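Quick caveat: nothing in here was measured; it's all calculated off a predicted structure. Note that these values count all heavy atoms, side chains included, but never hydrogens, waters or copies made by symmetry. Order of appearance sets the numbers: ligands from 1, and atoms from 1 within every ligand.
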Amino acid sequence: MRVLFVCLGNICRSPSAEGVFRQQLLQAGLDGLVDVDSAGTGPWHVGKPADSRATAAALQRGYDLSALRGRQVSRADFDRFDLILAMDHSNFADLKALQPANSRAELDLYLRRYQLDEDEVPDPYYGGADGFEHVLDLLENAGAQLLNEVRGRL
Ligand code: 4NP
């Protein structure tokens with residue numbers, strides 16, 4: 001199974017989602033069975049490491065984002081991935097517009113898929129440190145649900 005997380009810049013939310021979920025897969029002993037990646041709808045941070053605030057907040061919880069580099073989502077991703085999970089409504093709309101008509105990938109809004117209290121992972125880029133903690137709280141909850149789903153699909 002192949003899962004792609006998508007946000008706007010691919011330096012805050014989606015790399016955090018990837019790092020959290022990779023760790024959850026590892027702890028569940030399922031890391032070899034699921035391909036995980038992340039990408040951004042925007043081009044600004046292609047080739048760049050994750051945001052230093054996101055990296056530091058993640059590392060404090062045991063998630064290592066240091067190897068991740070930004071990339072922009074492309075139409076080919078709709079062939080490469082089974083499940084593409086958007087962080088907010090705007091990312092979802094951009095992905096919907098990009099999705100080829102015959103694409104086999106399933107596109108969804110990450111938090112809505114699991115009916116968590118919030119629909120969106122809010123963009124922490126222009127805010128303070130608490131925004132990054134909130135992002136990680138949401139992603140840990142959603143990741144646990146996604147792990148359950150993956151277990152059922154393998
Ligand atoms: P992300 O956050 O979508 O969670 O990676 C952002 C990062 C950069 C920008 C916007 C959002 N930016 O405008 O450069």
Side-chain angles (χ1 to χ4, degrees), residues 1-26 31 34-100 103 105-147 149-150:
M1 186 175 173
R2 298 184 172 91
V3 180
L4 179 67
F5 299 105
V6 178
C7 63
L8 178 60
N10 192 213
I11 55 168
C12 296
R13 292 165 293 173
S14 62
S16 300
E18 179 182 347
V20 167
F21 191 57
R22 279 186 186 282
Q23 187 65 24
Q24 290 172 326
L25 284 169
L26 196 67
D31 50 302
V34 185
D35 276 355
V36 184
D37 196 8
S38 64
T41 57
W44 315 285
H45 304 284
V46 171
K48 305 264 177 62
D51 181 282
S52 59
R53 299 161 298 171
T55 303
L59 195 58
Q60 281 236 320
R61 299 193 191 197
Y63 311 117
D64 182 5
L65 309 187
S66 64
L68 306 183
R69 294 293 178 272
R71 75 168 181 92
Q72 190 173 17
V73 71
S74 74
R75 287 166 64 85
D77 286 316
F78 289 88
D79 286 327
R80 287 179 45 208
F81 292 91
D82 304 299
L83 184 56
I84 300 181
L85 295 168
M87 297 298 124
D88 67 29
H89 287 281
S90 167
N91 311 146
F92 182 81
D94 289 343
L95 287 165
K96 198 95 192 149
L98 189 67
Q99 184 169 27
S103 134
E106 186 184 0
L107 171 62
D108 209 344
L109 197 55
Y110 192 20
L111 302 191
R112 187 176 62 191
R113 183 174 188 83
Y114 302 111
Q115 297 171 344
L116 299 174
D117 292 342
E118 296 169 57
D119 253 10
E120 303 192 295
V121 182
D123 187 346
Y125 189 65
Y126 294 106
D130 54 338
F132 289 86
E133 296 302 329
H134 183 53
V135 164
L136 287 169
D137 289 342
L138 294 170
L139 293 175
E140 286 175 341
N141 285 335
Q145 303 295 319
L146 175 57
L147 188 65
E149 180 183 349
V150 162

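Ranking protein heavy atoms by distance to atom 8 (C) of ligand 1, first place goes to H45 NE2, 3.4 Å. With hydrogens left out, the protein atom closest to atom 1 (P) of ligand 1 is C7 SG, 3.5 Å, a heavy atom. If you check which protein heavy atom lies closest to atom 2 (O) of ligand 1, you get D123 OD1, 3.3 Å. In terms of protein heavy-atom proximity, atom 10 (C) of ligand 1 is closest to L8 CD2, 3.6 Å. Shortest contact from atom 13 (O) of ligand 1 to any protein heavy atom: Y126 OH, 3.6 Å.
Residues satisfying the salt bridge (charged side-chain N to carboxylate O under 4.0 Å, His left out) criterion with D79, sequence neighbours excluded, are absent altogether.
By the 6.0 Å and 45° rule, R13 does not stack over the aromatic ring of F132.
Ring geometry for F5 against F21 counts as perpendicular: the plane angle is over 60°, on a 0 to 90° scale with 30° as the lower cut.
Heavy atoms of other residues, nucleotides or ligands lying less than 6.0 angstrom from CZ of R69 number more than 12. Annotation for E133: atom CD counts as buried by contact number, over 12 foreign heavy atoms lying within 6.0 Å.
One finds the SG atom of C7 at 12.5 Å from the CD atom of E120 (value rounded to the nearest 0.5 Å).
Residue P124 has no N or O atom closer than 3.5 Å to an N or O atom of ligand 1. Taking any N or O of W44, backbone or side chain, none lies under 3.5 Å from an N or O belonging to ligand 1.
Residue C12 has at least one heavy-atom neighbour below 4.0 Å for each of these atoms of ligand 1: 1 (P), 2 (O), 4 (O), 5 (O). Taking a cut-off of under 4.0 Å to the non-hydrogen atoms of I11, the atoms of ligand 1 that pass are 5 (O), 7 (C), 8 (C).
Considering only heavy atoms from C-beta on, R22 stays 4.5 Å or farther from Y63 through its side chain.
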